[in-house]
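Hydrogens, waters and symmetry mates are skipped; everything else that's a heavy atom, side chains included, is used.
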Amino acid sequence: MTSATPAAAQIPADQLASLANAETQRLAARMAQDVFAGAFRQAATVDAAPDVGVLGEVAAHCFDWCQAGANDQARALRLALLISGLDQWGLAYTQAFGLEAIHSLTALIGGLRTRLNARDDTLFQQYFEQINAVEADAIDFKVDLRRGIHLALWHAMAAAESAEQVESLVQSLGSMMVALNQQMPDLGWRLLADALANIQIALLAPNAPASPLAQDGTQQLFASLRHALPQDRYQSILAHAGQAVVAWQQAARKHDNA
């Protein structure tokens with residue numbers, strides 16, 4: 001183990017867990033991914049203004065889920081998680097694909113915010129800022145969210161048709177990972193280790209991308225992180241990712257032999 005590992009193992013308590021447990025946080029991350037995917041498909045296929053009717057239905061579904069929280073605080077936190085996730089998906093894709101904006105996503109987020117009264121909006125902003133400011137708060141949400149974003153961009157890279165496209169997406173993904181490490185100096189390693197483990201598992205899975213570009217791009221990504229991150233940090237991330245991959249392989253073998 002590296003010197004970074006014992007310190008990293010001391011994870012502070014999630015102060016938001018009493019309002020949104022791990023299952024709720026993970027559900028918020030998955031909802032953000034699904035909702036963003038729909039908004040992005042609309043933006044990619046429709047040249048005209050966003051479809052207000054469709055976006056209204058999606059916003060209503062999201063708002064209903066948020067309103068299912070146990071109290072005003074829980075409801076505001078659910079919305080803060082969902083919009084934080086949508087924001088991060090939007091930022092990642094605009095950076096990775098050189099987009100100026102995703103208008104359908106902007107309209108959707110605006111539709112969610114306009115449903116709040118002044119008190120609820122104040123609560124929402126409080127939790128939105130807390131999620132961004134405190135590393136350990138909503139940590140299960142952050143791990144799931146970043147896993148989805150990083151894997152989606154990796155799959156986009158693996159499906160690229162040229163070395164230039166691969167290089168561009170690897171550069172974007174690597175930059176996002178390095179920025180995440182800087183934004184979360186204490187716990188960012190967990191998110192990166194989880195993402196790298198799942199990328200390696202995707203390459204080992206039966207339905208792994210067949211293109212040699214996927215292997216080349218993954219090697220470029222790991223090399224860029226090795227050069228950009230402090231050595232002990234990178235080795236700690238790699239060690240934890242490796243443990244997760246080994247555990248997946250062992251579980252897969254047990255399943256095959258059952």
Side-chain angles (χ1 to χ4, degrees), residues 11-43 50-94 101-152 180 183-184 186-188 190-191 194-195:
I11 301 173
D14 180 351
Q15 301 173 91
L16 298 175
S18 61
L19 294 173
N21 61 22
E23 181 181 355
T24 300
Q25 291 185 24
R26 295 186 186 111
L27 179 55
R30 290 193 292 272
M31 283 186 66
Q33 179 169 357
D34 291 343
V35 170
F36 172 79
F40 187 71
R41 280 195 298 270
Q42 186 181 137
D51 188 323
V52 176
V54 172
L55 293 178
E57 291 178 7
V58 174
H61 171 70
C62 292
F63 199 75
D64 287 346
W65 178 76
C66 295
Q67 290 300 106
N71 52 44
D72 289 347
Q73 289 75 20
R75 289 189 279 272
L77 176 56
R78 284 188 176 205
L79 185 60
L81 290 168
L82 190 56
I83 290 184
S84 175
L86 292 173
D87 267 350
Q88 292 184 58
W89 272 99
L91 179 61
Y93 267 55
T94 52
I102 302 174
H103 297 296
S104 54
L105 181 65
T106 303
L108 176 61
I109 292 174
L112 289 171
R113 289 290 304 274
T114 57
R115 293 168 182 258
L116 301 176
N117 60 35
R119 180 180 180 276
D120 291 339
D121 192 63
T122 298
L123 273 175
F124 161 80
Q125 291 184 53
Q126 172 191 325
Y127 289 125
F128 187 87
E129 291 170 5
Q130 185 173 345
I131 291 166
N132 291 329
V134 184
E135 290 188 43
D137 289 354
I139 187 63
D140 291 289
F141 164 78
K142 292 171 181 174
V143 170
D144 252 46
L145 179 73
R146 279 293 167 171
R147 177 193 303 147
I149 291 173
H150 295 152
L151 272 176
L180 180 62
Q183 294 159 7
M184 299 181 65
D186 295 325
L187 299 180
R190 289 192 68 202
L191 282 67
D194 178 270

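- Taking each heavy atom of Asp14 and Ile139 in turn, the nearest pair found is OD2-N, 3.7 Å.
- With sequence neighbours excluded, the residues forming a side-chain hydrogen bond (donor to acceptor under 3.5 Å, both in side chains) with Arg26 are Asp140, listed by chain and number.
- The minimum heavy-atom distance linking Gly90 with Leu105 is given by the pair CA-CD2, 3.6 Å.
- Contact annotation: the side chain of Phe63 approaches that of Leu116 to within less than 4.5 Å [non-hydrogen atoms, C-beta and beyond].
- Take Glu129 and apply the side-chain hydrogen bond (donor to acceptor under 3.5 Å, both in side chains) test, not counting sequence neighbours, and it matches no residue.
- The side-chain heavy atoms of Arg190 and Met184, taken from C-beta on, include no pair separated by under 4.5 Å.
- In this structure, the side chains of Asp144 and Asp194 stay at 4.5 Å or more apart for every pair of heavy atoms.
- Nearest approach of Thr114 to Gly111, heavy atoms of both residues: OG1-O, 3.1 Å.
- Test Leu77, Ile83, Leu79 against Leu81 for side-chain contact (heavy atoms from CB on, under 4.5 Å) and you get one pass: Leu77.
- Taking Ala136 as the reference, Pro12, Leu187 meet the side chain to side chain contact (heavy atoms under 4.5 Å, CB included) condition, with sequence neighbours excluded.
- The shortest heavy-atom contact between Leu145 and Gly85 is CD1-CA, 3.7 Å.
- Within the structure, salt bridge (charged side-chain N to carboxylate O under 4.0 Å, His left out) contacts touching residues 15-24 (residues at least two apart or in different chains) do not occur.
- Counting only N and O atoms by type, the side chains of Thr122 and Gln126 include no donor and acceptor under 3.5 Å apart.
- Checked against side-chain hydrogen bond (donor to acceptor under 3.5 Å, both in side chains), Gln130 has the following partners two or more places apart in sequence or in another chain: Asp137.
- A distance of 7.0 Å separates CG of Leu86 from SG of Cys62, quoted to the nearest 0.5 Å.
- Annotation: salt bridge (charged side-chain N to carboxylate O under 4.0 Å, His left out) contacts involving residues 75-92, sequence neighbours excluded, comprise Asp72-Arg75.
- Residues passing the side chain to side chain contact (heavy atoms under 4.5 Å, CB included) test with Ala80 are Phe124, Tyr127, Phe128, Ile131, sequence neighbours excluded.
- The two atoms that bring Glu135 and Asp186 nearest to each other are OE1-N, 3.1 Å, heavy atoms only.
- In terms of the ring pair (Phe, Tyr, Trp, His ring centres under 6.0 Å) criterion, residue partners of Phe36 (sequence neighbours excluded) are, by chain and number, Phe40, Trp89, Tyr93.
- For Arg115, there are no side-chain hydrogen bond (donor to acceptor under 3.5 Å, both in side chains) partners two or more places apart in sequence or in a different chain.
- Listed by chain and number, the residues in a side chain to side chain contact (heavy atoms under 4.5 Å, CB included) with Gln183 are Ala179, Leu180 (sequence neighbours excluded).
- Between His61 and Met31 the shortest side-chain heavy-atom distance falls below 4.5 Å.
- For Thr94, the side chain to side chain contact (heavy atoms under 4.5 Å, CB included) criterion is met by Leu91, Leu99, Ile102, not counting sequence neighbours.
- Asp120 CG to Gln73 CD: the interatomic distance, rounded to the nearest 0.5 Å, is 9.5 Å.
- Nearest heavy-atom pair across Gln42 and Ser104 is OE1-CB, 4.2 Å.
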